[in-house]
Amino acid sequence: MLKQYNSEEVRNVAIIGHGGTGKSTLFEAMLYVGGKTEAMGTASAGTLVSDFHETEKSKKISIKSSLGFVEFEDGKINIIDTPGTSDFIGETRSAIDVADLVILVVDSVDGVQIETEKSWRYLKENNIPRIIFVNKMDKERASYSSVIENLKSSLGVNVATLCLPDAEGEKFGSVVDTIEMKMYRPKPGTRDVEVSDIPGELVALAEDERNNLIELSAESDDKLIEKYLEGEELSEDEIKQGLKSQLKDAKLTPVICGSSENVIGIKNLLKVISGFAPNILSFGDVEGYSVDDPESKIAVKPDSNGDFSAIVWKTSIDQYAGRFNFVKVISGTLSHDSEVLNSTASVKERIGKVYTMEGDKQVEVPALSAGDIGVVVKLEKTTTGDTLCDGKTPVILPLLNVPHPVFSYSVEPAKKGDEDKIGQFLQKAAEEDATVTYVFNPETAETVLSGMGEMHLNLILDALKEKTKLDFITNVPKVAYRETITNKAEANYKHKKQSGGHGQYGEVHIRVMPLERGTGFEFKDSIVGGVVPKQFLPGVEKGLKEGMVEGILAGYPVVDISVELFDGSYHPVDSSEMSFKIAARHALKVALDKGRSQLLEPIMDVDIFSDKDYMGDIMSDITSRRGRVMGMDSKDDSSSSISVIKAQIPQSEMLRYSTDLRSMTSGKASFEMTFSHYAPLTGKEAEKVIAEGAKETQK
Ligand SMILES: Nc1nc2c(ncn2[C@@H]2O[C@H](COP(=O)(O)OP(=O)(O)O)[C@@H](O)[C@H]2O)c(=O)[nH]1
Ligand SMILES: [Mg+2]
């Protein structure tokens, strides 16, 4: 059994970057050099430890994140490999959330690509410590210096060069470590390296980089920078401490080069992680909040002797082995054979054995200290984003940063009666993947499956077909339009019915006014002299609310109106709450018509990341989708090839955008999208929606 590591001995890293830069091969190489595997698997043979799912093997891309670890220099490095395709960004984001350091992999020829730019923005916004691994230095036309220039100009990276290549392209064989001022050359066919002095022609360059490194490290501390500026030498220890602190604060980004396939630079990468990466103890208390009150904050101290708490960052459900919950312990210790509280779901769960993983292989551990990552199996109700704790001080740890879905299908069984089975399968998919939602939308009366792209959802639907053998129909989901008035209007309605004994009577006079967008509904009573007695007011309000459920144009909900009841009449015997409800509902319909009701459509905030070459096409396409370009984040620098366009586009025009954008740019663009606001929909577009609405009501 693997031993239990103490908090200070654990490092958690996530490997991220554009698809195809060699992340999974780097994961493979780290396990190999760390002595975990006997040989290197390859992507082409489908033998990578991290890409063990059948679909990953056949498609030769990573779809899920994978966990592995190495025991290195007295510590344990947990490594998470992540997918580079934006369809699976949920897996990537949750890995970043639990990593203490991110390794951003960049190709030695392609440099900064779309997903590099997107990830960098995320790392910067969240101040996440990172290092950059320039991979595939063995490739023809590889150029370390141009990649570094590219990183500086397009991303503004504050580069600390920790490694230099001895050569580029086919001759690349060793890396020079600018901290130790030594050269590392892997012994071919083994995981070992030969360490030697730096060859003469590289000494000057290595010294330059080392001086730069010393200056950057000194900036971590006033005393150090003073010492440095006065020309005094910094000790090895001071340099290392400075570097460590700058890395933790994400003030600089160490850059390392190598070739994952040829296992070059891997030992250096592991040494940098082991020597300089922060861990949970570096960051101080983690902020959680009380189960009963999200406003009441609880500071969780990352101490293995404290109360236990852990965050569930990934869930995978295996047909045979059951449910795997991947956890990061934040405080206390997670021991085998214990009972914990899932404070998010308010249920107790039994912990049997505790594991860590090597791809799909479980490796048993006795316990996990604060800061360590591992896996528990067969919990019943626990899923991604939940907090587990020992129940002494029930705490909820901050939810993972889940990106918003950008692509949806409505899913319906082909045969009545299959709803439950289909629903159960898709519900489980949503539990496994935090970026998947499967919910009934009452506004459109559809059950909608949403995710990060066409490939993402198609994989889920393929699995649904294969596992359940049921037929189902997918459609472009309907847009949740709304309706509101544009003018002030008055209306009245008298509901009067005499049928045998007890009659019905109620009369209301109402005044409707448009409210600001997002306000919803306001009801005002300005009845004088009791012409509508108080006990009937709830009936009036209920009637109005019922009337608002379906507007008069196309049956969409009415929003943002104020309704004032200013007059009316009643009958001492025949009036009831029900009579006033009916009167109010009818009066509202009249008022909506007089107040020139119009449709509102949801508008999305869209950030598009694209290769500069496609800017023109993307912009004119935005216009044809009735969108507005709100701004552009394009550097004039000619070496930056990526632009960010910010736009607002109606949701109805975005239903197939992820597919359209991909084909428009040959996959050289991607986007993020969140709901922004509702805006009036007029003209031909509105007529279309109204005509559709009329068809629906005739059905
Ligand atoms: N020349 C070269 N190719 C590499 C290297 N590392 C990975 N590759 C290749 O790049 C492709 C993508 O590798 P993979 O690890 O799946 O990339 P990922 O999508 O970033 O995980 C595969 O064909 C690998 O064989 C490298 O160091 N040099
Ligand atoms: Mg991969």
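When a ligand or atom number is given, it counts from 1 through the structure's own listing order. Not measured: the values here are computed from a predicted model.
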Counting non-hydrogen protein atoms only, what is the nearest one to atom 6 (N) of ligand 1? Give residue, atom name and distance. S260 OG, 3.0 Å

Partners of S658 by side chain to side chain donor-acceptor pair (under 3.5 Å), sequence neighbours excluded? none

Please tell me whether F88 and H456 form a close aromatic pair, meaning their ring centres lie under 6.0 Å apart. yes

In the protein, what heavy atom is nearest to atom 14 (P) of ligand 1, and what distance, to one decimal place, separates them? T25 OG1, 3.6 Å

What do you reckon, does K23 have a nitrogen or oxygen under 3.5 Å from a nitrogen or oxygen of ligand 1? yes

For ligand 1, which atoms sit closer than 4.0 Å to a heavy atom of G22? 7 (C), 13 (O), 14 (P), 15 (O), 17 (O), 18 (P), 20 (O)

Should the pair K314-D97 be classified as a salt bridge under the 4.0 Å nitrogen-to-oxygen rule? no

Residue-level breakdown please: for D138 versus ligand 1, do any non-hydrogen atoms fall below 4.0 Å on the side chain, on the backbone, on both, or on neither? side chain

May I ask you to check whether Y657 and F671 place their ring centers less than 6.0 Å from one another? yes

Considering only non-hydrogen protein atoms, determine which one is nearest to atom 16 (O) of ligand 1 and report residue, atom name and distance to 0.1 Å. A43 CB, 3.9 Å

Can you tell me if E140 has over 12 outside heavy atoms packed within less than 6.0 Å of its CD? no

Between ligand 1 and G20, can you find any atom pair, the residue atom being a heavy atom, that is separated by under 4.0 Å? yes

Numbered atoms and elements of ligand 1 in range of S259, under 4.0 angstrom, heavy atoms: 26 (C), 27 (O), 28 (N)

Any ion pair linking E168 and R141 (charged N to carboxylate O, less than 4.0 Å)? no

Return all side-chain donor-acceptor pairs below 3.5 angstrom for residues 252-265, not counting sequence neighbours, or 'none' if the list is empty.
unit_1	atom_1	unit_2	atom_2	d
S259	OG	D138	OD1	3.1
S259	OG	N262	N	3.1
S259	OG	N262	ND2	3.1
S260	OG	N135	OD1	3.3
S260	OG	N135	ND2	3.0
N262	ND2	D138	OD2	3.4

Between the side chains of D197 and K182, is the shortest nitrogen-to-carboxylate-oxygen separation below 4.0 Å, so that they form an ion pair? yes

Under-4.0 Å heavy-atom contact with ligand 1, by part of T42 that carries it: neither

D360: partners by side chain to side chain donor-acceptor pair (under 3.5 Å), with sequence neighbours left out: none

Between E672 (side chain only) and D607 (backbone N and O only), is there a donor and an acceptor less than 3.5 Å apart? no

In the protein, what heavy atom is nearest to atom 11 (C) of ligand 1, and what distance, to one decimal place, separates them? K136 NZ, 4.0 Å

For atom 3 (N) of ligand 1, the closest protein heavy atom turns out to be E261 OE1, 3.4 Å

NZ/NE/NH1/NH2 to OD/OE distance under 4.0 Å, R185 and D166: yes

Within a distance under 2.8 Å of the Mg ion (ligand 2), the protein atoms of type N, O or S are S24 OG, S62 OG

